[in-house]
Amino acid sequence: MNRFTRLHLLVGPATVAFAALFSAWPAHALQFMTAPQVIRNPNDRAPLAAVLTLQADVPVSTQVDISDGQRSWTVRFPSAAPGPLRYPLVGMKPGLNHTFKISVTDASGRKLEAPGPLTLRTPDLPANVMEFPQLKVHRADTAQMEPGITLATVRRRALGRSELMTPVQRQFTVGWSVIVGLNEAGEVVWYYRSDSRISGVATLANGNIFFHTAQFSPVEIDVLGNEVRRWGAAKGPRPMPPGSIPVDAVTLHHQPEELPNGNFLSMEAFPKTIENYYTSEHDKDAPRATQVVMGDQIIEFTPKGEVVWRWNTFDFLDPFKIGFDTFWSYWPIRGFPKALDWTHGNGVHYDKRDDSIIASMRNLDAVIKIDRKTREIKWILSRDVGWSPELR
C-alpha cells in the first residue's frame, strides 16, 4: 500500500495531521524507466520518418526539439499513461544529421530531460529518376503558403497508348507511385513508396493519410507508412488486395472523400448494355450497335464497407449525351472488355453548407451539384451543347 492510498484511509483530525506530515516528505522523482531512443523508421516505405521510444514511471506529455543545423522545430505529444511509448517523428529533410532533445512533463508540472541529445542521419533521396521525381524549386513565396506539409502524388507512365503496352510497360505504369510531402519551401520532408499507381491523396480527421490505388482500392496509412485499413470493390473483375474490407461495388475509382459522419463518398463505375448506341463520337450518323457503356454511381459507404447511399447517372442523366474519349481504352484495360467510357467521373465532394454533393464528369465536360436528401440535380455547370431539354 503506497502513502497516497493510506492518506485516503484516514478521516477527521487525523487526516489533517497526516496530510501535514505527508507534505514534508520528499517528492518521488520523475524518472525514465526506459531511456528515450530515436531510430530510423522500420518501414522503408516512408524512409525519412523516425520513431521515438521511451517509458516514464507516471503519465507524461512529451516534447521533442529537433534541429538539422539549418532549421529547428518542436513537436509535442499529449499526456499518455505509464508504459512503453512510441511516437512518429516526421518533417525531416533527407541527407542531414538531426539532433533530438527529449523532455517529459507529468501532471504536476515536473519536467525531466533526457541526459543528452540524440542523433540520427536521414537517408538521401533516391538518385534514379525512374524511382523518384527530381524536383527543382524556381520560386517559393512562403508568406502565401499554408503551414504544414503539402502532399502530392507522383506517377509514371510508359510511352504509347495504354491498350498497346506490353505487360512490362503496363507494370511499369501501374505498379509504382510515390506520395511526396513538401514543406513551405518546396523541399521534400517526407515520402511514401507504393507498389500501385495512386490517383489521389488526402488526410483523414484522425490525422492518417488516405489515398486511392489502381487496384480499385482506397488505403489508409499512418505517417510511418503502416497500413491501417484498405477497402476493395467486391463485385469487380479484379481480385481485391489481401486484407481489404469488401465494398458492395463493381469499381471504386479516383479519390474518395471522408464525410463528417465518418463515412466515405466515392465514384463507382459500372457497365450497362444499351441498344442502338453510338459507334463514333465524331459522326452522329455512323451505324448504331448494342454497346456496353460504363456510367458512374456516386456511393456513400461506411468504414465497414456497407453502401448506404447511391446516385446513379443512368437514372438522372442522358446516356446519349456523349463527349470526346467515349471510345478510348480506359475501361477495357481495367477489366471491362469493349466497354465505352460515358461519364468518366473524375472527382466527388460533399458540400456541408447545404447537404449536397458536387461531382465532376470529365467526358461530359460537366460539374453537377446534387441534393443529397432528394437526389435531384440542383445545377449543371457545362457548355450548352447536346443536353436534353429537361437537363438544360
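At a threshold of 4.0 Å, the pair K373-D355 does not count as salt-bridged, since none of the basic side-chain nitrogens sits closer than that to a carboxylate oxygen. Under the 4.0 Å criterion applied to side-chain N and carboxylate O atoms, D195 and R45 are assigned as salt-bridge partners. Using a cut-off of 4.0 Å between Lys/Arg side-chain N and Asp/Glu carboxylate O, D248 and R310 are scored as salt-bridged. The pair D106-K111 fails the salt-bridge criterion, with no side-chain N (NZ, NE, NH1 or NH2) lying under 4.0 Å from an Asp/Glu carboxylate O.
Side-chain rings of W309 and F301 stay apart, their centers remaining 6.0 Å or farther from each other. Side-chain rings of F216 and H253 stay apart, their centers remaining 6.0 Å or farther from each other. Taking the six-membered ring where the residue is Trp, the centroids of Y350 and F264 are separated by 6.0 Å or more.
In this structure, Y278 contributes its side chain and K284 its backbone to no donor-acceptor pair below 3.5 Å.
Looking at V154 and F132, their side chains never come closer than 4.5 Å, going by heavy atoms from C-beta outward.
Taking the ring axis of F172 as reference, the NZ or CZ atom of R156 stays within 45° of it and closer than 6.0 Å to the ring centre. A cation-pi geometry, defined here as NZ or CZ lying under 6.0 Å from the six-membered ring centre and within 45° of its normal, does not hold between R334 and F336.
Pairs engaging residues 157-182 under the salt bridge (charged side-chain N to carboxylate O under 4.0 Å, His left out) rule: R161-E163 [sequence neighbours left out].
Only one option out of T122, L48, D68 pairs with M92 in a side chain to side chain contact (heavy atoms under 4.5 Å, CB included); it is T122.
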Quick one: do N263 and E300 satisfy side chain to side chain contact (heavy atoms under 4.5 Å, CB included)? Show the steps, please.
CA-CA 7 Å; N263 292 344; E300 176 186 345; 2.8 Å; yes
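Under the ring pair (Phe, Tyr, Trp, His ring centres under 6.0 Å) criterion, H98 pairs with no residue, sequence neighbours left out.
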